[in-house]
Chemist: 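Can you keep this structure in mind? I'll have questions shortly.
Letters A, B, ... are given to chains in the order of the sequence lines, protein chains preceding strands, and every chain is numbered from 1. Excluded from the calculations below are hydrogen atoms, water molecules and symmetry mates; all remaining heavy atoms, backbone and side chain alike, are included.
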Protein chains: 2
Amino acid sequence: MGTMRLGEMEEGMKGIRALARHLDISIGTVSRALNGKPDVNPETRARVMEAARALGYTPNQSGRSLRQGVTNTIGFMIEMSPDANASGDDFFMGVFEGVQTVLNRHRLDLVVFPCPAEENPVDYLSRLVGRGMVDAMIISATRRRDDRIDFLEKTQLPFIALGRSESGPDMRWIDLDFEGVAHSSVARLVAKGHRRIALAIPDGDINLGHVFHDAYRAALSQHGIAYNPALLFRVARVLECGDDLVTALLALPELPSAILLSSEVMSLSLYRKLQERGIRPGRDIAVIGFRDNPRTSFLTPSLTCHSISLSDLGQTLAETLLAGIPAFADLYPGRDRNLIWPMALVQGESDDFDIVPER
Amino acid sequence: MGTMRLGEMEEGMKGIRALARHLDISIGTVSRALNGKPDVNPETRARVMEAARALGYTPNQSGRSLRQGVTNTIGFMIEMSPDANASGDDFFMGVFEGVQTVLNRHRLDLVVFPCPAEENPVDYLSRLVGRGMVDAMIISATRRRDDRIDFLEKTQLPFIALGRSESGPDMRWIDLDFEGVAHSSVARLVAKGHRRIALAIPDGDINLGHVFHDAYRAALSQHGIAYNPALLFRVARVLECGDDLVTALLALPELPSAILLSSEVMSLSLYRKLQERGIRPGRDIAVIGFRDNPRTSFLTPSLTCHSISLSDLGQTLAETLLAGIPAFADLYPGRDRNLIWPMALVQGESDDFDIVPER
DNA sequence: GTGAAAGCGCTAACAA
DNA sequence: TTGTTAGCGCTTTCAC
């Protein structure tokens, strides 16, 4: 032993045992050397590190987790149903990036669990969490009442939700500032003379629809505008909502002068369908989109919407999660349990006209 | 024991041991009952299943994998750099869905590893694979030469690539039919009288650029058109390529009469920038996009492009992967090691004009 | 500073 | 049909 070619392991040996045999030391020492424990001869440590590198040794995670009770992995559950995925395509990529920035500091890895559209989200979550692959979870697309939250609280697994919910009043969460978006949108429109302001929200139980709806009502009321249920549109498929939306708009006795969208992808089909019917966004009807999105940025007229740094959101999400894990809590002392994430209005041309022309 | 309330485990006990204690039988029997082994009294099995359900027991995956040497989990590595992510991410969502359809048949789960843009893909892959969380890998965004492939071949972990590469000539892969796309696009344009046909491909070493480029040259040659390097555009950021592309087009002595795109998201900014310069897609220049995408479907004039069933692609990807894993190989006997995935031309209006008007 | 050994939760081989 | 036990790879006592 000790005379084998690089890249070869001892016959019939695997993992740390092969490495130890190869170096002619005990597996305990190898483990301590690799894990940076202080009581290891520097020279021994160097030999171990070098051999590990040369042989491409990586510790088996199952062995480690079994022993340590920790996996150093954080899970992020996303849903693939178009309904839940209204946030648009680049959204999660951007958030992942930010989350990983923080996790990397602690040598934690992020794994994503994509829940199939047909599968029950709770069953899916409990199956994957039950596997014990993760030390904590991030969930998204929260429902107004969300059984996943009850489940996670029962398991005592640390978690955070990207999105608030009526379930789990004590859980950690971060959500977008729908209130702020509704208020600034309505204020802006009212200042331009608008009174008939419609709202489109996703159908179903995704909570953002409810939250946005409430915020919209509050904003209207603040400006002394009566809430008109006829101006609320629940759309089934956000990506192809244009048809239904425009049909519904035209069925009204009078076209609203403005419409707020609660998902950026709504703007795509809405623009098209409006134009097909000869209704010009930004001229015949004011449109305020939701989030700034590279994929809506080419729309003409340019879409007034709200911007956000996805990476920052992801970082804060991760930090707030870690603040709830005993092993990391000390490092993130100031973190609140939950947070409304502000969004900044980006002025476009899609709502840039006054109802009462100045003279 | 046996008299505790539901939802409670024996004091200080966890996992299968607590369950066994609770039922007053041995852990071996519990394990066999849960795993559907034949030699278990049906009544015992029923009791075990019921108790497991009631107590919310899920076997710890680390324990299982350690013992069985398999994890029943398949990994899918994606990259978050905008460069590698030219496909738009409804692409991966669609593929995941198909992959999971197949994996579910075998009670395998899919986990996604999102590689941060700043991290070296090989380091990332080796770290996550090294953890031993997966039995097989799917990789995407293959480079012309791709060290990940060499790495995976060395580890002997079964894997498949979504995208071909010059590395790993014997590996399993499925790739989109860039040749077919190039040929049908060029043929269609040539039939309309086009001779000056440009191509936009992503800059960098992502292989699809090279493959598309080669296919484009071959298609031109087949129609007796000389390849003109001035009509090849390498774009840095596919999402915001419009600016550079239009500037480059206008810098040419003569505007090409048509342009082929190798990524669907290119069309968004290209349309906008063309229109800003007063160049009308479908009138002044023919545009053929790459993949049919719900998010480009609202473009006016409608984009001629190529369509694909992402779910079917995902299913075939998964089946081809499983065909390479001994435990499943028998179930998928007919699968080729690799496959060019056909795409169907979807006629739009973005290239619907003739260079030589008919009379 | 190092080695020996226990044990994390689970399954499979074997004994009963 | 069930119980007992070894051992998967690893880390962490505890001796030395």
Chemist: Could you tell me whether Glu153(A) and Arg148(A) make a salt bridge, using a distance below 4.0 angstrom between a side-chain N and a carboxylate O?
Modeler: no

Chemist: Hey, does Ser31(A) reach any base, or is it just sugar-phosphate, or nothing, if we go heavy atoms under 4.0 Å?
Modeler: base

Chemist: First contact, last contact: which nucleotides of DNA chain C are these for chain A, 5' to 3', heavy-atom distance under 4.0 Å?
Modeler: dG1(C) to dG9(C)

Chemist: If you find the nucleotide of DNA chain D closest to Arg32(B) and the one closest to Thr29(A), which residue's nucleotide is nearer the 5' end?
Modeler: Arg32(B)

Chemist: Which part of the nucleic acid, if any, lies within contact of Ser65(B), taking any heavy atom under 4.0 Å across all strands shown: a base, the sugar-phosphate backbone alone, or nothing?
Modeler: nothing

Chemist: Quick check for you: to the nearest 0.5 Å, what is the distance between Ile160(B) atom CD1 and Met171(B) atom CE?
Modeler: 9.0 Å

Chemist: Just the endpoints, please: which first and last nucleotides of DNA chain D, 5' to 3', lie under 4.0 Å from a heavy atom of chain A?
Modeler: dG9(D) to dT13(D)

Chemist: State the CD-OG distance between Gln100(A) and Ser311(A), to the nearest 0.5 angstrom.
Modeler: 10.5 Å

Chemist: Checking the side chain of Asp175(B) only, and the main-chain atoms of Arg164(B) only, is there a donor and an acceptor separated by less than 3.5 Å?
Modeler: yes

Chemist: Do any N or O atoms from the side chain of Asn35(B) and from the backbone of Lys37(B) form a donor-acceptor pair under 3.5 angstrom?
Modeler: no

Chemist: With rounding to the nearest 0.5 Å, note down the distance linking CD1 in Ile139(A) to CH2 in Trp173(A).
Modeler: 13.0 Å

Chemist: State whether Asp109(A) and Arg131(B) are salt-bridged, where the test is any N-O pair (Lys NZ or Arg NE/NH1/NH2 against Asp/Glu carboxylate O) under 4.0 Å.
Modeler: yes

Chemist: Could you check whether Gly28(B) gets within reach of a base, just the sugar-phosphate, or nothing at all, counting any heavy atom under 4.0 Å?
Modeler: base

Chemist: Need to verify one output field. Residue with the more 5' nearest nucleotide on DNA chain C, Asp39(A) or Ser62(B)?
Modeler: Asp39(A)

Chemist: Mapping Ser26(B) and Arg64(A) to their closest nucleotides on DNA chain D, which lands nearer the 5' end?
Modeler: Ser26(B)

Chemist: Measuring from Leu331(A):CG to His106(A):NE2, what's the distance to the nearest 0.5 Å?
Modeler: 5.5 Å

Chemist: DNA chain C: Arg67(B) or Ile25(A), which has the more 5' nearest nucleotide?
Modeler: Ile25(A)

